[in-house]
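So that the names make sense, note that chain A is the first sequence line, chain B the second, and so on, each numbered from 1.
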2 protein chains.
Amino acid sequence: MVVGCQHMELLKAKGLKSTQARRDILALFNERHTLLRAEDIFAKVKKKGTDLATVYRTLETFEEQGIIRKVDVRSGSDVYELAGHHHHHIVCTKCNIVEGFNDCNAEDISSMLLKNSKNFNVIQDHSFEFFGVCKSCAKR
Amino acid sequence: MVVGCQHMELLKAKGLKSTQARRDILALFNERHTLLRAEDIFAKVKKKGTDLATVYRTLETFEEQGIIRKVDVRSGSDVYELAGHHHHHIVCTKCNIVEGFNDCNAEDISSMLLKNSKNFNVIQDHSFEFFGVCKSCAKR
DNA sequence: ATTACAAGTGCAAATTATTTGCATTTAAAA
DNA sequence: TTTTAAATGCAAATAATTTGCACTTGTAAT
């Protein structure tokens with residue numbers, strides 16, 4: 001499966017120069033559909049000479065362009081995933097394994113919220129994350 | 001309204017020594033029912049000689065004891081609120097003003113999740129935060 | 001009350017995560 | 001090709017949090 005071209009298309013569409021680092025990082029998010037931290041990405045791209053600062057700058061740019069989004073999973077460092085699809089997670093509080101899901105009733109709740117809120121009339125986004133203990137960790 | 005004694009009771013009940021810093025920090029969380037960062041707390045207690053490191057250690061201890069909980073609101077630093085009541089938030093992405101709410105259908109969703117999940121059979125907790133633009137910020 | 005000792009604290013230094021300044025390189029438009 | 005704004009590497013700076021250690025203090029037992 002050749003995806004390199006798709007990556008270049010996306011970058012061009014967003015008005016971003018197609019560089020090695022950006023293509024690699026985009027590829028990583030597409031291969032592994034998991035949550036990634038700057039350090040995880042750096043571990044994969046440093047052999048090609050990409051700097052950690054570039055990883056951070058790329059994550060910032062991608063987030064601004066709506067290519068990726070930050071996920072609140074109570075981890076020490078910022079964690080990202082591909083954006084564009086509605087998605088939430090259950091995170092194991094012992095081993096941090098993550099499972100995704102997308103069925104949530106956020107629309108119902110947010111319309112109710114807006115009805116009752118005295119400060120807000122626009123909701124852009126939400127984060128809905130569950131925390132639990134996964135089956136393997138539960139066996140100990 | 002005298003609450004000092006209540007604070008001492010709670011600390012004793014949790015097996016924690018009743019110290020100046022702990023009483024002050026507990027009082028802060030009880031007065032202001034808002035989200036607090038270590039720095040916010042430090043600003044209030046440093047005049048009494050309490051160190052920032054102690055603030056961090058106290059927050060950790062209180063969280064372990066279930067007195068406070070960490071809230072995921074995409075802020076640079078960790079943010080806490082009193083625990084013990086089910087609570088979620090809408091945060092303004094411009095000015096960070098926060099409004100609370102507690103009505104969410106998390107039980108429905110979590111039971112559905114557990115039914116479908118291959119990795120999890122225990123859910124302990126969840127975080128459900130909305131992000132939007134508040135009315136004052138919307139006027140600009 | 002006094003004592004004893006673990007628990008708690010202040011202070012400074014160490015870590016970790018992230019950001020920034022600047023000189024150099026490079027993708028892509030002309 | 002040439003041009004140039006955008007992107008990068010490197011090193012240093014900043015921000016948030018944690019830790020080691022010697023000193024202090026709350027509290028349980030005397």
Side-chain angles (χ1 to χ4, degrees), chain A residues 4-5 7-28 35-65 67-80 96, chain B residues 4-5 7-28 35-65 67-80 96:
Chain A
C5 288
H7 297 160
M8 295 192 57
E9 293 305 320
L10 175 54
L11 293 172
K12 181 182 287 185
K14 296 290 187 179
L16 301 174
K17 295 211 297 205
S18 169
T19 66
Q20 182 77 59
R22 286 172 176 176
R23 272 177 270 123
D24 289 348
I25 294 174
L26 205 41
L28 245 186
L35 305 178
L36 295 172
R37 297 169 307 140
E39 281 293 346
D40 300 326
I41 295 167
F42 182 53
K44 290 288 168 184
V45 299
K46 73 173 152 203
K47 59 192 64 160
K48 294 195 187 161
T50 299
D51 192 69
L52 182 55
T54 298
V55 173
Y56 276 107
R57 282 188 279 231
T58 304
L59 289 173
E60 189 185 16
T61 305
F62 282 7
E63 192 183 22
E64 282 165 10
Q65 296 302 323
I67 299 173
I68 60 174
R69 84 166 68 94
K70 209 177 280 188
V71 182
D72 294 326
V73 282
R74 299 181 190 173
S75 98
S77 38
D78 287 344
V79 172
Y80 297 84
N96 290 310
Chain B
C5 287
H7 297 161
M8 295 192 58
E9 293 305 321
L10 176 54
L11 292 172
K12 181 182 285 186
K14 297 288 189 179
L16 301 175
K17 296 212 298 206
S18 169
T19 65
Q20 182 77 57
R22 286 172 177 177
R23 272 176 270 122
D24 289 347
I25 294 174
L26 205 41
L28 245 186
L35 305 179
L36 295 172
R37 297 169 306 140
E39 281 294 346
D40 300 326
I41 296 167
F42 181 54
K44 291 287 168 184
V45 299
K46 72 174 152 202
K47 60 192 64 155
K48 294 195 187 159
T50 299
D51 193 68
L52 182 56
T54 298
V55 173
Y56 276 107
R57 282 187 279 232
T58 304
L59 289 173
E60 189 185 17
T61 306
F62 282 7
E63 192 183 21
E64 282 165 9
Q65 295 302 323
I67 299 173
I68 61 174
R69 83 163 69 92
K70 208 177 279 187
V71 182
D72 295 324
V73 282
R74 298 180 191 173
S75 97
S77 39
D78 287 343
V79 172
Y80 297 84
N96 290 310

Grab the [atom1]-[atom2] distance between [X] and [N] for me, whole Å please.
{"X": "D24(B)", "N": "dT9(C)", "atom1": "CG", "atom2": "P", "value": "11 Å"}
{"X": "L36(A)", "N": "dT18(C)", "atom1": "CG", "atom2": "C1'", "value": "17 Å"}
{"X": "K14(B)", "N": "dG8(C)", "atom1": "NZ", "atom2": "P", "value": "14 Å"}
{"X": "R37(A)", "N": "dT16(C)", "atom1": "CZ", "atom2": "P", "value": "12 Å"}

In Å and rounded to the nearest 0.5 Å, what is the [atom1] to [atom2] distance from [X] to [Y]?
{"X": "F62(A)", "Y": "K14(A)", "atom1": "CZ", "atom2": "NZ", "result": "10.5 Å"}
{"X": "R57(A)", "Y": "L59(A)", "atom1": "CZ", "atom2": "CG", "result": "12.0 Å"}
{"X": "D24(B)", "Y": "K46(B)", "atom1": "CG", "atom2": "NZ", "result": "14.5 Å"}

dT18(D) phosphate, OP1 or OP2: any side-chain N/O from Y56(B) under 4.0 angstrom? no
Within a 6.0 Å radius of atom NZ on K12(B), are there more than 12 heavy atoms belonging to other residues, nucleotides or ligands? no
Just by distance, do the side chain of D40(A) and the backbone of R37(A) share a donor-acceptor pair under 3.5 Å? yes
Under 3.5 Å: donor-acceptor pair, side chain of R23(A), backbone of M8(A): no
What residue among L26(A), T61(A), I25(A) forms side chain to side chain contact (heavy atoms under 4.5 Å, CB included) with I67(A)? L26(A)
Nearest-nucleotide pick for A21(A), side chain only, options being dA17(C), dT8(D), dT9(C): dT8(D)
R74(B): partners by salt bridge (charged side-chain N to carboxylate O under 4.0 Å, His left out), with sequence neighbours left out: D72(A), D125(A)
Which residues in residues 38-55 of chain B have at least one heavy atom lying under 4.0 Å from any atom of DNA chain D? L52(B), A53(B)
Treating primed atoms plus P, OP1 and OP2 as sugar-phosphate and everything else as base, which nucleotides of nucleotides 22-30 of chain C get B, S or - for protein heavy atoms under 4.0 Å? ----BBS--
